[in-house]
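Reminder, nothing fancy here: chain letters follow the sequence lines and each chain counts from 1. Basis for what follows: all heavy atoms, side chains included, without hydrogens, waters or symmetry-related copies.
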Amino acid sequence: MKVKAAKEPLVRIAKRTDISTGLSYGIRAASVVLALLACGIVVMLLTSGKISFLEVYTEMLEGAFGTARRVKITVRDTCALLCLAVALAPAFKMRFWNIGAEGQALVGALASCIVVKLMPDMNGALLILIMFIASVAAGALWGIIPGFFKAAIKANETLFTLMMNYVAIQLVKFFAVLWEKQKGAGVMSTLTTGKLPQLFGVDYGWSIVIILVVTVLSYIYMKYSKQGYEIAVVGESENTARYIGINVKKVIIRTMAISGALCGLAGFLLVSGTHHLVKSDIVGGNGFTAIIVAWLAHLNPLIMMLTSFFVSFLDIGTAKIASTCNLNDFASDVVVGIALFIILASEFFINYKVIFTKSGKKAKEGK
Amino acid sequence: MAEAAIELRNITKRFGSVTANKNISMTVNKGEILSILGENGSGKTTLMNMLSGIYHPDEGQIFVGGKEASIQSPKDAFDYKIGMIHQHFKLVDILTVTENVILGLKDEGKLSLKKSAARIKEICDMYGFKIDPMKKIYEMSVSEKQTVEIIKVIYRGAEILILDEPTAVLTPKETDNLFSILRNMRDSGKSIIIITHKLGEVLSLSDKVAVLRKGEYIGTVETKDATEQSLTEMMVGKKVSLNIERAEPHDCENRLSLTNVSVTNKEGVQILKNVSFTAKSGEILGIAGIAGSGQKELLEAIAGLQHLKSGSIVYYDPKTGKEENLRDKTPLQIRDLGVRLSFVPEDRLGMGLVGSMGITDNMMLRSYKGGKGMFLHRKDPKTLADKIIKELEVVTPGTDTPVRKLSGGNIQKVLVGREIAASPTVLMAAYPVRGLDINSSYTIYNLLNAQKDIGTAVIFVGEDLDVLIELCDRILVICHGQISGIVDGKSATKEDIGMMMTNLPESKTAEEDAQ
């Protein structure tokens, strides 16, 4: 008989059966701090010490809040991200992996521009209303298509929504070539009509108000409405949904229509409120970043206000450092990626604990 | 004096804040059968998983053949000649017996299926297995698959066999067969540990019984000194009455009639064939059969979750006396007809409840659509949740704690409580006591009896024949999706039912041949 020496594994991973709310928030807070520390360290390494550890943070704060204009941009970016994250929440709650927010927002933006193009003589509130409706409808359509195929033939929604992004990008390019004098640039030119006015003397004021209202409504919808309840049941178990008589297909299509429509709304706000044009990268990857924002908030729209702010802050702050230190844009992406990774990893320590058997003591929580 | 094959000393294993095994010490000798007895959740399987290398103890030592052993993986376990037969078989369906047996083995020299097959044949002859080494797994019955698992561990030279609830999937006759094989093995000097919670089996098979309760080791007794009553008391910790009261059914009238119901699954395989029976109000109709004989599909067909290929399901409304055909109606349409049909499905968290929601939200599942407007009304469900927690003694931190975090018994109480709260005229329950401890099981039996008393037609799908015979007024026996007969609960014997579970009466077989 082969007999090995009795040995114990050094580290064991055990699933937590229960965790106090305090500890779980403690771990999350610790991960945010750790992520910010990592930002500082990585930046110092990248700039080979050109700026000191503390300067990293003052630079970031300066970038995000240094001037009135910067504050405005930070708020604007936060809202753009928030709108997409809120749009994804119902789909994710249903365990429908909608990674097509980018495309759904893009067709929404395109629809607004097409409306303006087709109605050159129209102006004012009516035009904006028509743009709004067109964008929401286009986004909803972009959500309904994969939703329908998921419901009808169980088509894989991940691939489907991903591919719809590329269709949307090519559509934008198609219309740009069709209607623009400057062919090939892929940009439909700056709009002169159909701009959202200032609200209370603030640029983007309407966008901010609309998005905050949508966020609160979405929270109420998911938590207190019958439809929100159906979404949760379908997401947890389709069998349970069938057992109590929920029409699963209807719920899938309806929820994807809502998710797509909110993405379309985000597209409308990008065109009418911010950029006044459409190009294929107008959403700028926010459709994907929003996935992280939504999950960091555990799909709670109110908490998404915090997480979208945090992600935007990191983005803007590191971009500022990149420009100060003559790094390229990708450097800031690297830093943001590392920071988000650390925060997402904290979920591991919330679900599991690490036990060091040698010392016989429990591992320090929150690493 | 007998030689110890395995000795456990002060074994402790924790999962998070739960202590699954606490300071357990026990010994198994060579040529001995030890039963490990305990209710669900008492830590039996956890303990054995530490012997087979799936878990590692937090504290304590394991001695194999007198030497301290460190078992880090199932492979280590085999090196110590320990083999475990799990509840869920780990076989590759499309391979033959021989291929499954040698899978993952690193034998010296060239792979020779012939040689291996011959060795398997030898093992079969030695212990009395009846199996063809070249048969494919998917062509096998459950009991044959279990035999393959046993051969697999013996082939690998196991001297110590651990069987986790081996009889749960077997008919009475197959169980007897398995037991005689296990006795043969014992007589040839192997040590056998069998995990079970069935008292009858413990008494008929084992030499010694070790009892666990809530992760703690209660003691080991010689089987010859034990009785059903004494073992139950060790298991539960207090005196328990093991009798189920069966009141005479009264005011019986037809409530639900199935006529020639046939169902085929997505692959086109016929699951139910010409099933006809009538459930009456005020009685409990039991359904017995080997797991997977069509019980699930039968209940789902009645609940409107299965498409019928042919046949009809007629409901007799007790108030209006009208007859409603439920065939091809959705659960919602059935409810809209005013049919108060409650259904406790087999898969509680996969079908009956939503694991991530609290008790209140789970109470709403059937009624959430009620009330005006687009918003949910949580007041009544909350009241109901509080009522069920109180009346059925559900242990939970609160009404908002996700039901997934509750124990199996409490989850079942929540589900059964909700289904009964809908004041059903027909109550269907599939394996409602599976995984429950004795006390919870009796709570459920009492609830079913109370429903029977107030005139509900109760349909009870069970697996423990003793319980079926004690609880049910009539027992319908199902075999390969057909009804092999309906017997009276008072006069039926376990052996009769066991026979009917595996064999259709000749009239039906003749019918089949004619087709």
J.: Any chance CZ of A:Phe92 has more than 12 other-residue heavy atoms, nucleotides or ligands included, within less than 6.0 Å?
T.: yes
J.: I'd like to know which of B:Thr330, B:Ile71, B:Leu305 tops the heavy-atom pair count under 4.5 Å against chain A.
T.: B:Leu305
J.: If you apply the rule side-chain contact (heavy atoms from CB on, under 4.5 Å), what do you find for A:Lys223 with B:Phe375, and how did you get there?
T.: CA-CA 9 Å; A:Lys223 185 142 191 189; B:Phe375 291 106; over 6 Å; no
J.: Check the surroundings of atom NZ in A:Lys93: do more than 12 heavy atoms from other residues, nucleotides or ligands lie under 6.0 Å from it?
T.: no
J.: Which pair of heavy atoms, one from A:Ser237 and one from B:Gly350, lies closest together, and at what distance?
T.: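 Looking at all heavy atoms of both residues, the shortest contact is OG-O, 2.6 Å.
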J.: Relative to chain A, which of B:Gly373, B:Ala303, B:Gly352, B:Gly304 shows the most heavy atom pairs under 4.5 Å?
T.: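 Of the options given, most contacts go to B:Gly352.
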J.: Can you name the nearest heavy-atom pair linking A:Glu236 to B:Gly355, along with the distance?
T.: OE2-N, 3.7 Å
J.: Mark yes when over 12 heavy atoms from residues, nucleotides or ligands other than A:Phe348 sit less than 6.0 Å from its CZ; otherwise mark no.
T.: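 Yes - once you tally the heavy atoms of other residues, nucleotides and ligands closer than 6.0 Å, there are more than 12.
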J.: At a 4.5 Å cut-off on heavy atoms, which part of B:Met364 comes close to chain A: side chain, backbone, both, or neither?
T.: both
J.: Under a 4.5 Å heavy-atom cut-off, does chain A meet the side chain of B:Leu353, its backbone, both or neither?
T.: backbone
J.: With a cut-off of 6.0 Å (strictly less than), are more than 12 heavy atoms of other residues, nucleotides or ligands near OH of B:Tyr431?
T.: yes
J.: When rounded to the nearest 0.5 angstrom, what is the spacing between CG in B:Asn362 and CD1 in A:Ile244?
T.: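 Between B:Asn362 CG and A:Ile244 CD1, I get 9.5 Å after rounding to 0.5 Å.
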J.: Side chain, backbone, both or neither: which part of B:Ser356 has an atom under 4.5 Å from a heavy atom of chain A?
T.: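 For B:Ser356, heavy atoms of backbone and side chain both lie under 4.5 Å from chain A.
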J.: Please report the interatomic distance CG(B:Leu365) to CD(A:Glu230), rounded to the nearest 0.5 Å.
T.: 11.0 Å
J.: Quick check on A:Ala241 against chain B: is it the side chain, the backbone, both or neither that has a heavy atom closer than 4.5 Å?
T.: neither
J.: Using non-hydrogen atoms and a 4.5 Å limit, figure out which bit of B:Leu349 sits close to chain A: side chain, backbone, both or neither.
T.: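 Just its backbone gets close to chain A.
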J.: Report the distance from atom CE of B:Met374 to atom CD1 of A:Ile220, rounding to the nearest 0.5 Å.
T.: 9.5 Å
J.: Measuring from atom CD of A:Gln227 to atom OH of B:Tyr368, what distance do you get when rounded to the nearest 0.5 angstrom?
T.: 9.0 Å
J.: With a 4.5 angstrom heavy-atom cut-off, could you sort out which part of B:Arg404 is near chain A: side chain, backbone, both or neither?
T.: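 The side chain, not the backbone.
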J.: Looking at every heavy atom in both B:Met357 and A:Val233, which two are closest together, and how far apart are they?
T.: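 Closest heavy-atom pair between B:Met357 and A:Val233: CE-CG2, 3.9 Å.
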J.: Please classify the contact between B:Asp361 and chain A as side chain, backbone, both or neither, with a heavy-atom cut-off of under 4.5 Å.
T.: both
J.: Keeping the roles fixed (side chain from B:Lys369, backbone from A:Lys226), state whether a donor-acceptor pair exists under 3.5 Å.
T.: no
